[in-house]
**Student:** 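Shown below is the structure under consideration.
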Amino acid sequence: DSTFNGDGKVVVSMSTGFDEARSLAIQTDGKIVVAGYSEQSRQYFALARFNTDGSFDNSFGTNGKLITAVGPHSDNATSVAIQSDGKILAAGNSSDGGISYGICLARYNSNGILDTSFSDDGKLTYFYSSMGIIISSLVVQPNGKIILGGMSTNANKHFVMARFNSNGTFDSLFGSNGIVITSIDSNSCSGYSLSLQPDGKIIMAGSAYNGTNHDFALLRYNVNGSLDSTFGINGIVTTPIGTGNDVAYSVAIQSDGKIVLGGFSMNNTDSYFALARYISGLNIGIIDFSLTNNSVLIYPNPIRQNATLEYELQDQEMISIRLVDIQGRIIKTFINNVKQEIGKHQQILSLPDKLPSGYYFINISCGRGEVSLKIIK
């Protein structure tokens, strides 16, 4: 696209050393945030933001780029995401100075300055006591909680997830004090990519060793970090693609709820692109919430521009109502954390101008759970 930087490509020097981009996110205004690392005397988190024409956004960092020391030694940002309020999250790994790796996470205001409301100084590191952790993926839930996904670095690798509250503290309601560790048949397995279903369930993709080589691996978790027993075999699906090693590096959820994994497959000495698509059995419903399915109504549906949401609460709740796309990204917040009494309620839903046609979800949530209803634009 020659309208992008003249020839469709941008090459950026972040410092005098070696630079590598590992992840990219698009803001709602179309600006492009790229994250990775820059190597000088050590490795640092490196972020750059570009305008839609490929030029540096000079309102971000220093002339469009920034370098951050997050952990005690070398840092590597492997995933970046934009929160609904425009703040930027970058996650990855930090070295303890030896052979172990830990979780590394930083949050920036939209201008690139570290957000001191997050973990006091805008950044955190965490080293697990008995194993190293490599983080490769980051997603933000509609309620603002942050999930990181990856794998352990011990000899028998495991899938690893960690969830943080929006202030940077571990979420004690998730797994064991905010950490989930999963093994598959006591064999080595690796997690590479996360995605969120509209019902709040968490998808992780990667690979699992079958005793001879590795297969595609797909895991689904409930919102509390437990494996979803309604999916695959006790929440786990493994798929051999070729005759050799098969690894899924990325996962995406289609508008119809189907799950697509992308990666590579080995046959003999040749390596191929590999794709697999799965039926999700998407379950849009209730998680420990005083709202009942038969009390919720949206009309009209399909929606042209405006609709009415009616629902009834059995208890007093702090309610948030949001428009969410099929990937779990917040498009619009109608109300945020508003106290509502027992009884019937009505909310007018005005969809954003120029919202593309397709499937979306209206998410009604409180601190204890959420309900998602599919709508058509």
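What you are looking at is a predicted structure, and each value in this text was computed from that prediction instead of being measured. Starting from 1, each residue takes its place in the sequence as its number.
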**Student:** Determine whether Phe361 and Pro142 make a side-chain contact, defined as any pair of heavy atoms from C-beta on separated by less than 4.5 Å.
**Tutor:**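 Answer no - side chains too far apart.
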**Student:** Once rounded to the nearest 0.5 Å, what's the spacing between atom CD of Gln43 and atom CG of Asn76?
**Tutor:**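 Reported value, rounded in 0.5 Å steps: 5.5 Å.
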**Student:** Are Gln197 and Ile203 packed together at the side-chain level, in the sense that at least one heavy-atom pair is separated by less than 4.5 angstrom?
**Tutor:**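 Yes, side chains in contact.
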**Student:** Tell me whether Tyr37 is reachable from Val34 by hopping between hydrophobic residues (I, L, V, M, F, W, Y) whose side-chain heavy atoms are closer than 4.5 Å.
**Tutor:**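 Hydrophobic grouping puts Val34 apart from Tyr37.
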**Student:** Please assess Phe56 against Val10 for the test side-chain contact (heavy atoms from CB on, under 4.5 Å), listing each intermediate value before the final yes or no.
**Tutor:** CA-CA 10 Å; Phe56 273 117; Val10 175; 5.9 Å; no
**Student:** Under a 4.5 Å cut-off applied to non-hydrogen side-chain atoms, are Ser365 and Asn143 in contact?
**Tutor:**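 Ser365 does not reach Asn143 side chain to side chain.
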**Student:** May I ask you to check whether over 12 heavy atoms, not counting those of Ile348, lie within 6.0 Å of atom CD1?
**Tutor:**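 Check passes, neighbour count above 12.
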**Student:** Is there a donor-acceptor pair under 3.5 Å between the side chain of Ser137 and the backbone N or O of Gly149?
**Tutor:**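 Side chain of Ser137 to backbone of Gly149, a donor-acceptor pair under 3.5 Å: no, none is there.
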**Student:** Side chains of Tyr44 and Ser15: is there a donor and an acceptor less than 3.5 Å apart?
**Tutor:**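 On atom types as modelled, these side chains do not qualify, holding no pair under 3.5 Å.
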**Student:** Could you walk me through whether Ser320 and Asn337 pass the side-chain hydrogen bond (donor to acceptor under 3.5 Å, both in side chains) check?
**Tutor:** CA-CA 5 Å; Ser320 297; Asn337 209 31; 4.9 Å; no
**Student:** Quick one: OG on Ser117 to CZ on Arg107, what's the gap to the nearest 0.5 Å?
**Tutor:**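 Nearest 0.5 Å value for the OG-CZ distance: 4.5 Å.
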**Student:** Taking the side chain from Asn109 and the backbone from Asn111, do they hold a donor-acceptor pair closer than 3.5 Å?
**Tutor:**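 No, because the side chain of Asn109 does not come within donor-acceptor range (under 3.5 Å) of the backbone of Asn111.
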**Student:** In Å and rounded to the nearest 0.5 Å, what is the CG to OG1 distance from Asp75 to Thr68?
**Tutor:**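 The distance works out to 9.0 Å.
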**Student:** With a 4.5 Å cut-off on side-chain heavy atoms, are Ile32 and Phe4 touching?
**Tutor:**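 Counting from C-beta outward, Phe4 and Ile32 do come under 4.5 Å.
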**Student:** Verify side-chain hydrogen bond (donor to acceptor under 3.5 Å, both in side chains) between Tyr299 and Glu310, making sure each step is shown before the conclusion.
**Tutor:** CA-CA 9 Å; Tyr299 58 90; Glu310 293 183 351; 2.7 Å; yes
**Student:** Using links of under 4.5 Å between side-chain heavy atoms of ILVMFWY residues, direct or through other members, which residues join Leu275 in one cluster?
**Tutor:**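 Other cluster members: Val260.
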**Student:** With Ser265, which of Thr243, Asp246, Asp270 fulfils side-chain hydrogen bond (donor to acceptor under 3.5 Å, both in side chains)?
**Tutor:**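 For Ser265, the side-chain hydrogen bond (donor to acceptor under 3.5 Å, both in side chains) check succeeds only for Asp246.
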**Student:** Are the side chain of Asn224 and the backbone of Ser226 linked by a donor-acceptor contact shorter than 3.5 Å?
**Tutor:**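 Yes.
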**Student:** If we ignore hydrogens and angles and just use 3.5 Å, is the side chain of Lys157 paired with the main-chain N or O of Gly191 as donor and acceptor?
**Tutor:**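 It does not hold such a pair.
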**Student:** Which distance, rounded to the nearest 0.5 Å, do you find between the CG of Asp19 and the CD of Gln40?
**Tutor:**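 These two atoms lie 8.0 Å from each other.
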**Student:** Do Leu24 and Met14 share a hydrophobic cluster (ILVMFWY, side-chain heavy atoms under 4.5 Å, transitive)?
**Tutor:**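 Same cluster.
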**Student:** Would you compute the distance between atom CZ of Arg22 and atom CG of Asn93 and round it to the nearest 0.5 angstrom?
**Tutor:**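 Arg22 CZ to Asn93 CG: 8.0 Å, rounded to 0.5 Å.
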**Student:** Side-chain contact, heavy-atom cut-off 4.5 Å: Met151 with Tyr192?
**Tutor:**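 Yes, their side chains come closer than 4.5 Å.
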**Student:** Please work out which of the three classes, parallel, tilted or perpendicular, describes the rings of His214 and Tyr209, given edges at 30° and 60°.
**Tutor:**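 It falls in the tilted class, 30° to 60°.
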**Student:** At their closest point, which heavy atom of Ile241 faces which heavy atom of Ala276, and how far apart are they?
**Tutor:**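 Result for this residue pair: CD1-CB, 4.3 Å.
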**Student:** Can you give me the closest heavy-atom contact between Ala274 and Phe216, atom names plus distance?
**Tutor:**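 In terms of heavy atoms, the two residues are closest at CB-CZ, 3.8 Å.
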**Student:** What's the spacing between Leu227 CG and Thr182 OG1 if we round to 0.5 Å?
**Tutor:**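 These two atoms lie 5.0 Å from each other.
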**Student:** Test your reading of the model: is there a side-chain donor-acceptor pair from Ser207 to the backbone of Val247, 3.5 Å cut-off?
**Tutor:**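 Checked: no pair found.
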**Student:** Specify the closest pair of heavy atoms between Ser94 and Gly71, including all atoms of both residues, with the distance to one decimal.
**Tutor:**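 Where Ser94 meets Gly71 most closely, the heavy atoms are OG-CA, 3.3 Å.
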**Student:** Given side chains that start at C-beta, do those of Leu373 and Ile364 come closer than 4.5 Å, heavy atoms only?
**Tutor:**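 Yes, close enough: below the 4.5 Å cut-off.
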**Student:** Just by modelled atom types, is the Gln340 backbone N or O under 3.5 Å from a matching donor or acceptor in the Glu317 side chain?
**Tutor:**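 Not at all, since once roles are kept as given, no pair shorter than 3.5 Å links the two residues.
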**Student:** Hey, quick one: are Val324 and Val223 part of the same hydrophobic cluster, counting side-chain heavy atoms closer than 4.5 Å, chains of contacts allowed?
**Tutor:**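 No: no chain of side-chain contacts under 4.5 Å links Val324 to Val223.
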**Student:** Between Leu355 and Ile331, is there a side-chain heavy-atom distance shorter than 4.5 Å?
**Tutor:**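 Yes, side chains in contact.
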**Student:** When hydrophobic residues are tied together by side-chain contacts of less than 4.5 Å, even through go-betweens, does Ile342 share a cluster with Met318?
**Tutor:**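 Different hydrophobic clusters.
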**Student:** Please report the C-alpha distance between Ile362 and Leu323 in whole Å, then the side-chain angles of each, then the deciding distance to 0.1 Å, and finally whether the side-chain contact (heavy atoms from CB on, under 4.5 Å) criterion is met.
**Tutor:** CA-CA 5 Å; Ile362 298 299; Leu323 174 67; 3.8 Å; yes
**Student:** Does any part of the side chain of Ile202, heavy atoms only, come nearer than 4.5 Å to the side chain of Leu196, both counted from C-beta?
**Tutor:**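 Yes - at least one pair of side-chain heavy atoms lies under 4.5 Å apart.
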**Student:** Is there a path of hydrophobic side-chain contacts, each under 4.5 Å between heavy atoms, that joins Ile147 and Leu173?
**Tutor:**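 No, it is not one cluster - the side chains of Ile147 and Leu173 are not joined through contacts under 4.5 Å.
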**Student:** Tell me yes or no: between the side chains of Asp215 and Thr239, is some donor less than 3.5 Å from an acceptor?
**Tutor:**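 No, no side-chain donor-acceptor contact under 3.5 Å.
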**Student:** Donor-acceptor check, side chain of Asp57 to backbone of Ser59, threshold 3.5 angstrom: yes or no?
**Tutor:**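 Present.
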**Student:** Within 45° of the axis and under 6.0 Å from the centre of the six-membered ring of Tyr359, does NZ or CZ of Lys374 qualify?
**Tutor:**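 Judged by the rule (NZ or CZ under 6.0 Å from the ring centre, within 45° of its axis), Lys374 counts as positioned above Tyr359.
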**Student:** For Tyr128, which fellow cluster members are found when Ile, Leu, Val, Met, Phe, Trp and Tyr are connected by side-chain heavy-atom distances below 4.5 angstrom, either directly or through intermediates?
**Tutor:**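 Members alongside Tyr128: Leu89, Ile103, Leu105, Phe118, Leu124, Tyr126, Met131, Ile133, Ile135, Leu138, Val140, Ile146, Leu148, Val160, Phe164, Phe170, Ile179, Ile181.
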**Student:** Can you name the nearest heavy-atom pair linking Gly92 to Thr78, along with the distance?
**Tutor:**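 That would be CA-OG1, 3.6 Å.
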**Student:** Taking all heavy atoms of Ala217 and all of Leu261, pick out the closest pair and write down the distance.
**Tutor:**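 Result for this residue pair: O-CD2, 3.8 Å.
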**Student:** Under the side-chain contact (heavy atoms from CB on, under 4.5 Å) criterion, do Ser280 and Gln254 qualify, and how do the steps go?
**Tutor:** CA-CA 10 Å; Ser280 68; Gln254 296 183 168; over 6 Å; no
**Student:** Let's go through Val338 and Gln347 carefully: what are the C-alpha distance in whole Å and the side-chain angles of both, what is the deciding distance for side-chain contact (heavy atoms from CB on, under 4.5 Å) to 0.1 Å, and is it a yes or a no?
**Tutor:** CA-CA 12 Å; Val338 174; Gln347 175 69 39; over 6 Å; no
**Student:** Using links of under 4.5 Å between side-chain heavy atoms of ILVMFWY residues, direct or through other members, which residues join Leu114 in one cluster?
**Tutor:**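 Hydrophobic cluster check, Leu114: joined to Val33, Phe45, Leu47, Phe60, Leu66, Val70, Val80, Ile82, Ile88, Tyr108.
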